[in-house]
Amino acid sequence: MSTPFHLHNKTVLITGASSGIGKQVAISCSAMGAKLVITGRDEKRLNETLGLLKGDGHKKIICDLIDEKQRSQFVESLPAIDGVVHSAGSVMPTPVKFIAEKHLNYLMGLNFESAVLLVAALLKNKKLNDASSLVFFSSISVNYPYTGGAIYSASKGAIEAYSRSLALEIVQRKMRSNVIVPAMIRTPLYEETMKQSMVNDRGIYESKYPLGIGLPEDVANAAIYLLSDASRWVTGINLILDGGFSIVK
């Protein structure tokens, strides 16, 4: 049976592919036929991801996207791209009274500025094919705040606003920009967040998710949809993945 839910003949760039959601997105996209360019800052972990990809022709490039020189060289080395999944990011919980400039610079730089400057470079260097799909990650914490999450939530809110403007500016080339908005996903980052947050009873917290805490595969499936031709009529949206959290909150 013919289906539009595939990534055959598409080259997809995935940032933050060395761990967590980015790693699973890379694995799942390769299984759906995509040729991948994966990037991250940890070469050992990026090699692990590369070894798990299906098919051949994939490419890994070590890059710190916050570093202007590295980012420029990285973009110049890229082939023509049909899709981008920007998964690079961090949390760093910090109560508001302890927020310092270094916290702002780091989180806004990695979670927001790196995405904006990467896309600008891709467009300027004509690396994006017509009808490309760009996928970013936000968080339900934009609308459901938590203690210590002020900068993180702000950086994700900025991504949502940016994506809508981007969608408007690239629509003439049939390009699309969308945001996946996950709730808690069971990754190493989830475990770290639980340890650093003020959640005293994990069972009570997880009971707020009628469908349970999400898995990386759930997010990867949403990314595949937004990258595929099945979503060719979808742009400028926020796709919420929360296991029912928002309907019982």
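All figures in this text were calculated on a predicted structure; none of them were measured in a lab.
The shortest side-chain heavy-atom distance between Ile62 and Thr39 does not fall under the 4.5 Å cut-off. For the pair Ile185/Pro216, a side-chain contact is recorded, criterion being any heavy-atom separation below 4.5 Å from C-beta on. Counting only heavy atoms from C-beta outward, the side chains of Ile140 and Pro182 never approach each other to under 4.5 Å. Proximity of Tyr152 to Ser139: side-chain heavy atoms (C-beta onward) are separated by under 4.5 Å at one or more points. Side chains of Leu107 and Ser90 form a contact here, defined as non-hydrogen atoms less than 4.5 Å apart. With a 4.5 Å cut-off on side-chain heavy atoms, Val171 and Met175 do not count as touching.
Taken from CG in Asn129 to CZ in Arg173, the straight-line distance is 7.5 Å, to the nearest 0.5 Å. One finds the CD1 atom of Ile151 at 6.5 Å from the NE2 atom of His103 (value rounded to the nearest 0.5 Å). Here Leu36 contributes atom CG and Lys60 contributes atom NZ; the two are 14.5 Å apart, rounded to the nearest 0.5 Å. Atom-to-atom distance recorded for Leu166:CG and Leu123:CG is 7.0 Å, nearest 0.5 angstrom. The distance from the CG atom of Leu239 to the CG atom of Asn178 is 8.0 Å, given to the nearest 0.5 Å. Asn143 contributes atom CG, which lies 7.0 Å from atom CD1 of Ile240 (distance to the nearest 0.5 angstrom).
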Start with the C-alpha distance between Val135 and Ser133, add both sets of side-chain angles, then the distance that settles side-chain contact (heavy atoms from CB on, under 4.5 Å), and finish with yes or no.
CA-CA 7 Å; Val135 180; Ser133 174; 4.0 Å; yes
So Arg186 and Glu206, salt bridge (charged side-chain N to carboxylate O under 4.0 Å, His left out) or not? Walk me through it.
CA-CA 11 Å; Arg186 204 174 294 280; Glu206 293 187 353; 3.7 Å; yes
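Side chain of Thr49 to backbone of Ala26: no donor-acceptor contact under 3.5 angstrom is found. In this structure, Lys156 contributes its side chain and Phe137 its backbone to a donor-acceptor pair below 3.5 Å. Panel note: side chain Asp218, backbone Leu215; a donor-acceptor pair is recorded below 3.5 Å. Not a single donor-acceptor pair under 3.5 Å links the side chain of Ser138 to the backbone N or O of Val181. The main-chain N or O of Ser2 is never found under 3.5 Å from a side-chain atom of His6 such that the two would form a donor-acceptor pair. In terms of modelled atom types and a separation under 3.5 Å, the side chain of Ser28 and the main chain of Gln24 share a donor-acceptor contact. Remark: the backbone N or O of Lys127 is not paired with any side-chain donor or acceptor of Asn125 at under 3.5 angstrom. When atom types are taken as modelled, the side chain of Ser77 and the backbone of Phe74 share a donor-acceptor pair closer than 3.5 angstrom.
For CD of Glu68, the number of neighbouring non-hydrogen atoms (other residues, nucleotides, ligands) closer than 6.0 Å is 12 at most. Heavy-atom neighbours of Asp130 CG from other residues, nucleotides or ligands within 6.0 Å: above the threshold of 12. Within 6.0 Å of NZ on Lys35 lie no more than 12 heavy atoms contributed by other residues, nucleotides or ligands.
Taking all atoms of both residues into account, the shortest heavy-atom contact from Gly157 to Val142 is N-CG2, 3.5 Å. Here the closest non-hydrogen pair linking Ser155 and Asn111 is OG-ND2, 3.2 Å. Nearest heavy atoms, Phe136 versus Val119: CZ-CG2, 3.9 Å. Here the closest non-hydrogen pair linking Ala222 and Leu241 is CB-CD1, 3.7 Å. Across all their heavy atoms, Ser30 and Ile27 have their closest contact at OG-O, 2.7 Å. What you find for Met184 and Tyr209 is that their closest heavy atoms are N-OH, 3.4 Å.
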Side-chain donor/acceptor pairs under 3.5 Å, residues 11-19, sequence neighbours excluded:
| residue | atom | partner | partner atom | Å |
| --- | --- | --- | --- | --- |
| Thr15 | OG1 | His86 | ND1 | 3.0 |
| Thr15 | OG1 | Ser87 | N | 2.9 |
| Thr15 | OG1 | Ala88 | N | 3.2 |

Please table the atom pairs, donor to acceptor, closer than 3.5 Å between any side-chain atom in residues 226-233 and protein atoms at least two apart or in another chain.
| residue | atom | partner | partner atom | Å |
| --- | --- | --- | --- | --- |
| Ser228 | OG | Ile224 | O | 3.4 |
| Ser228 | OG | Tyr225 | O | 2.9 |
| Ser228 | OG | Ala230 | N | 3.2 |
| Asp229 | OD1 | Lys10 | NZ | 3.0 |
| Ser231 | OG | Arg176 | NH1 | 2.9 |
| Ser231 | OG | Arg176 | NH2 | 3.4 |
| Ser231 | OG | Tyr225 | O | 2.7 |
| Ser231 | OG | Leu226 | O | 3.1 |
| Ser231 | OG | Ser228 | O | 3.1 |

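A salt bridge between Glu113 and Arg71 is absent, with no side-chain N of the basic residue lying under 4.0 Å from a carboxylate O of the acidic one.
A single hydrophobic cluster is not seen to contain both Leu211 and Ile213; linkage of ILVMFWY side chains at heavy-atom distances under 4.5 Å, directly or through other members, places them apart. Both Leu104 and Ile159 belong to a single network of hydrophobic side chains, linked directly or stepwise wherever heavy atoms of I, L, V, M, F, W or Y lie under 4.5 Å apart. Hydrophobic cluster membership is shared by Ile61 and Ile66, with clusters built from Ile, Leu, Val, Met, Phe, Trp and Tyr side chains linked at under 4.5 angstrom. Follow the hydrophobic side-chain contacts under 4.5 Å out from Tyr106 and you reach Val96 in the same cluster. In this structure, Leu168 is not a member of the same hydrophobic cluster as Leu128, with clusters built from ILVMFWY side-chain heavy atoms closer than 4.5 Å.
Residues passing the salt bridge (charged side-chain N to carboxylate O under 4.0 Å, His left out) test with Asp64: none are found, sequence neighbours excluded.
The aromatic rings of Tyr162 and Phe112 sit perpendicular, their planes meeting at an angle over 60°, well past the 30° parallel limit.
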